[in-house]
Amino acid sequence: MRRGRLLIIVSIGLTIAGLLCIPFVVAQAKAVGFAGTILLLLASTAGIMNTLCTRRELHALIKQVQDAAAKKQVCRIDAISKDFIPLADAINDLLSSSAQTVSDATLRAKELEIQLKVATAERQHAEAIIYSISDAVLVTDPFDDLVLANESAARTFDFDLARAGRSPVEQVLKDDKVIALIREMRQSNSASGRRIVEHSVKGANGAERTFKITLSCVADKQDQNPAGVVAVLHDMTKEKEVAEMKNDFVSNVSHELRTPLASIKAYIEMLIDGEADDEKTKTEFYEVIQNEANRLSRLIDNILNISRIESGLVKINKQSQSLTVIMKEALEVIAPQAKGKQITLSEQLTPVFYQTIADRDMLYQAVLNLLSNAVKYTPEGGAITVQTEVNEAKKKVMARISDTGVGIPPKDLPFVFDKFYRVEANSRMAKGTGLGLSLVKHIIETVHHGRIFVESTQGKGSTFGFELDLAE
Ligand code: ADP
């Protein structure tokens, strides 16, 4: 390398010296003589030749480098003369090390591209999971901006899911408590901890729903600082209602069982204390005890039947049955009670060949409960009509039990099929448990997939009925 440079400098030097010597040669030719002149001319010509060769070599090298650059390919640069071999080697070294750097960078870029694709797929997967969750999910970043939410969250907090992304959480949610919970969780810096809070949220329709809110921090992988907060809101409204209903049921059952038991105990104590000295009073006491014991047994039967149907433990034996036959049997059983109150029974029943697929005992129990209520809540001298009606086009059979009794006030009508519901206005008319209609509804709707209905006018009478599918 150093030798090449030295040669170039020497050539240039000789050329300049040659050129400078020309006037001197002409002027001094005579003095120096012919041999000296020739020597000087040779020196200057050699210098010029040398310079021309060096330029040609350099041009050839530059051309090769330019070609390589134009082709965007790494090729070897060859030196024409050995003086330029070090320069060509240096250029080749530089080119191959650049080629290596470029190929490393290309490889890294490909790796990053794959990583990006995997990360995008993972994000889409996580989003799909979050969107499919029925619980409301909110994800915020370290600045309390909402980065992700699902439809359930949008419904719960009444915001537009498409426009909520990357907005401050206090602009999206109108619930101060939830905003404060998210902020507190982020500030707590707890990378591993979870917080579970019960909170009621007011919906767009004004109805309050109770949620179990689970809050956790999303930790940053690098510095372990919380990168945001995830809040999952599980709607517990239904669960709470069921828990309350269970509590109500237990307290209602205990209350209903205690009343006849207390009465039985009291009459037995009076008998033991000898408070009934004559046979007539004793018989009266025995009758009260018997009635209360029957009431207790009916109550227990009803509770057991309802809970067996509700829990799905009841054995159902469905066969082709004629509703008309079942209605006739129930009418026969109820006739003595109706006669005792001078209530007229009349029937308008369809031919027995119309059949329905039913559990005979259960359907009989439902019809008997409706008939017994009709007798109970109809004053003396009233009338009860039982009716069956077939709609062949719709393949339905309908039963109606109408009475001219006390009727049910409109405010009570929607609740008469609820467990333990008794109409206050009619409570003095007859004793009861408030379980009879609930059992009928279960038998018709849960067991037979039919439809139950009631129409009533206070003071005029009621019609209870149900509709079942006709057997093919
Ligand atoms: P209960 O044992 O009290 O009769 P039910 O569940 O059979 O319980 O009925 C619930 C309530 O519906 C009754 O307390 C009664 O007030 C009302 N009810 C039921 N059937 C009739 C009817 N035919 N006429 C008027 N009220 C009725």
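Start at 1 and go down the list; that is how both ligands and their atoms are numbered.
For Arg209 and Phe211, the positive end is not near the middle of the six-membered ring at less than 6.0 Å and at most 45° from its axis.
Judged purely by distance below 3.5 Å, without hydrogens or angles, the side chains of Thr388 and Thr350 pair a donor atom with an acceptor atom. Under the 3.5 Å distance criterion, with hydrogens and angles disregarded, a donor-acceptor pair is assigned to the side chains of Asp104 and Gln100.
Around ligand 1, the residues contributing at least one heavy atom under 4.0 Å from the ligand are Asn373, Ala374, Lys376, Tyr377, Asp403, Gly407, Ile408, Val416, Tyr421, Arg422, Val423, Asn426, Gly432, Thr433, Gly434, Leu435, Gly436, Leu437, Ser462, Phe464.
Contacts of Ser320 classified as side-chain hydrogen bond (donor to acceptor under 3.5 Å, both in side chains), with partners at least two apart in sequence or in another chain: Gln355.
Within the structure, side-chain hydrogen bond (donor to acceptor under 3.5 Å, both in side chains) pairs that include any residue of residues 331-341 do not occur (at least two apart or interchain). Under the salt bridge (Lys or Arg N to Asp or Glu O under 4.0 Å) criterion, the residue pairs touching residues 416-425 are Glu310-Lys419, with sequence neighbours excluded.
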